[in-house]
Amino acid sequence: MKNNKLFVAIILALLIGVFAGALIHYSFPNYQNQFSTNIKLLGTIFIRMVQMIIAPLVFSTLVVGIAKMGDLKMVGRVGGKAMIWFITASLISLLLGLILVNTLEPGLKTDISLNELDGATELLEKTQSFSLEEFIKHLIPKSLFEALATNEILQIVIFSILFGIALSSMNKKGKKIINLLDILSHVILKMVTYIMWVAPLGVFGSVSAAVAKHGFSIFGLYANYLLAFFIGIIVLWLILLFVGYLFLGKRLFVLLQRIKSPLLIAFSTTSSEAVFPKLVEELERFGCQNKIVSFTLPLGYSFNLDGSMMYMTFASIFIAQVYGIEMSLGEQFTMLLVLMLTSKGVAGVPRASLIVIVATCAMFRIPPEGIALILPIDHFCDMARSMTNVLGNSLATTVIDKWETKS
């Protein structure tokens with residue numbers, strides 16, 4: 001009942017946000033920037049409230065999950081299954097983006113010009129340091145406390161796995177720490193129920209800010225781009241749901257009912273990270289084992305971003321099409337493999353998809369400044385890909401849990 005009330009509140013906030021944003025954009029154009037900047041703070045407050053509990057939640061649940069497994073073989077087995085799923089899903093998502101952008105050719109049908117690069121400056125600067133060295137630094141934590149303070153999920157996962165394995169090997173001596181972390185995780189999940197009631201305000205702030213700033217005319221300018229991208233998202237959803245039905249059967253619909261609020265929050269706030277705590281709670285209510293959820297879901301947030309993966313090949317080739325750069329099939333498949341690897345190096349980084357796209361374009365003689373072409377519409381694409389990331393990780397976790405229950 002509470003979940004339904006939250007869902008309805010978010011829907012209302014979404015609709016009111018669109019109305020308020022449109023009112024400001026078209027009736028009070030002089031106040032667009034001021035309104036957008038100030039109202040967006042509501043979204044920022046919600047996301048920061050969630051971010052403050054993500055690090056302790058990932059650490060406590062992952063350590064407890066591994067310790068409760070009590071068997072390194074089981075950790076390896078679950079981790080192996082998870083990585084097979086993640087790699088397969090990533091390749092399918094990348095390939096789908098590649099096929100659709102070549103079939104629909106939105107870059108050849110969209111009349112947009114590269115008028116300014118101001119919006120891309122920050123991304124271009126970030127990409128200059130994108131290298132193997134930065135990948136390793138991003139992967140291995142220099143300090144647990146630094147990783148916790150900066151919400152580096154991938155680094156927290158690495159430390160938590162090692163800590164959980166060490167703790168499980170201590171048998172009875174480690175039980176007090178396991179119990180303490182177990183209590184901590186439940187306290188944080190209780191906090192989640194309070195924080196989620198701020199979600200409607202966050203949704204209202206994020207949506208109204210975007211509409212007030214861009215209005216509806218931007219959809220006409222990018223019609224072909226958006227149409228092609230959303231066809232891709234729909235096809236990807238159909239693939240994910242079909243695979244989910246093969247493994248879960250009719251329980252798939254129960255899962256979708258459970259995660260409807262996280263999906264809507266991710267869509268509205270453009271942040272799959274914002275729903276991580278709520279997703280943990282809902283997947284456990286669905287019936288997934290705590291130890292599987294706490295182990296698989298954090299890994300998924302680092303390695304299984306299906307919506308973002310599809311967007312990377314789609315956007316990269318789109319930029320090439322706009323510039324009139326023809327790429328051979330071999331070059332495009334090489335780009336796919338490069339994206340497969342480089343995308344894993346910036347997990348948890350804000351606007352990670354765009355950073356990877358910029359870096360990849362530079363490698364394949366596509367002007368990286370072309371990222372400015374898609375920046376105006378990226379917020380709306382991010383809504384769809386964030387929601388898809390949540391669906392992908394939910395399905396991955398529930399399917400792996402079912403595999404483990406059978407074994």
Side-chain angles (χ1 to χ4, degrees), residues 1-11 46-68 78 82 151 153 156-157 160 164 178-203 244 248 251-269 271-302 304 386-387 389-402 404-405:
M1 183 63 70
K2 286 181 180 178
N3 196 41
N4 287 335
K5 285 181 179 178
L6 179 62
F7 182 78
V8 171
I10 293 169
I11 288 285
F46 168 66
I47 291 174
R48 288 181 74 89
M49 286 180 74
V50 175
Q51 286 176 330
M52 76 178 175
I53 62 174
I54 286 178
L57 181 63
V58 171
F59 175 70
S60 58
T61 54
L62 188 50
V63 170
V64 171
I66 292 172
K68 282 184 176 178
V78 174
N151 262 356
I153 293 181
I156 296 168
V157 166
S160 300
I178 295 171
N179 291 335
L180 181 65
L181 290 174
D182 198 16
I183 293 169
L184 175 64
S185 67
H186 283 89
V187 171
I188 294 169
L189 286 172
K190 189 65 178 175
M191 290 173 66
V192 171
T193 60
Y194 305 143
I195 292 173
M196 280 302 126
W197 284 105
V198 185
L201 288 176
V203 168
L248 302 175
R251 285 206 20 105
L252 172 66
F253 303 107
V254 180
L255 175 65
L256 293 174
Q257 176 70 17
R258 272 281 164 213
I259 64 171
K260 63 183 181 182
S261 290
L263 286 172
L264 191 56
I265 294 169
F267 176 79
S268 307
T269 62
S271 174
S272 52
E273 188 183 58
V275 301
F276 178 87
K278 180 69 173 173
L279 202 54
V280 171
E281 188 178 44
E282 293 299 344
L283 289 175
E284 288 184 7
R285 285 181 178 174
F286 173 72
C288 295
Q289 301 171 74
N290 172 269
K291 60 186 178 182
I292 301 297
V293 174
S294 59
F295 180 69
T296 308
L297 199 58
L299 284 178
Y301 265 69
S302 296
N304 188 45
S386 295
M387 185 168 65
N389 292 341
V390 172
L391 176 69
N393 279 316
S394 301
L395 289 172
T397 303
T398 49
V399 169
I400 291 166
D401 178 76
K402 187 174 182 180
E404 279 303 302
T405 304

Could you check Tyr194 against Lys190 for side chain to side chain contact (heavy atoms under 4.5 Å, CB included), going step by step and ending with a plain yes or no? CA-CA 7 Å; Tyr194 305 143; Lys190 189 65 178 175; 3.5 Å; yes
Could you give the distance from [atom1] ([X]) to [atom2] ([Y]), rounded to the nearest 0.5 Å?
X      : Y      : atom1 : atom2 : value
Leu264 : Met387 : CG    : CE    : 8.0 Å
Leu297 : Leu57  : CG    : CG    : 9.0 Å
Leu263 : Ser268 : CG    : OG    : 10.5 Å
Thr296 : Asp401 : OG1   : CG    : 8.0 Å
Glu284 : Ser185 : CD    : OG    : 7.5 Å
Arg258 : Thr398 : CZ    : OG1   : 13.5 Å

Heavy-atom pair of closest approach, residues [X] and [Y]:
X      : Y      : answer
Gly244 : Leu395 : CA-CD2, 4.1 Å
Phe295 : Val78  : CD2-CG1, 3.4 Å
Pro200 : Leu6   : CD-CD1, 4.1 Å
Leu252 : Leu248 : N-CB, 4.0 Å
Ser60  : Leu181 : CB-O, 3.6 Å
Lys291 : Gly65  : CB-O, 3.4 Å

Could you check whether any side-chain heavy atom of [X] comes within less than 4.5 Å of a side-chain heavy atom of [Y], counting everything from C-beta outward?
X      : Y      : answer
Tyr301 : Asn389 : no
Glu282 : Leu255 : no
Ile178 : Val63  : no
Pro277 : Ile188 : no

Side chain to side chain contact (heavy atoms under 4.5 Å, CB included) between Val280 and Ser294, intermediate numbers included: CA-CA 7 Å; Val280 171; Ser294 59; over 6 Å; no
Please walk me through it: do Met196 and Val50 pass side chain to side chain contact (heavy atoms under 4.5 Å, CB included)? CA-CA 8 Å; Met196 280 302 126; Val50 175; 4.2 Å; yes
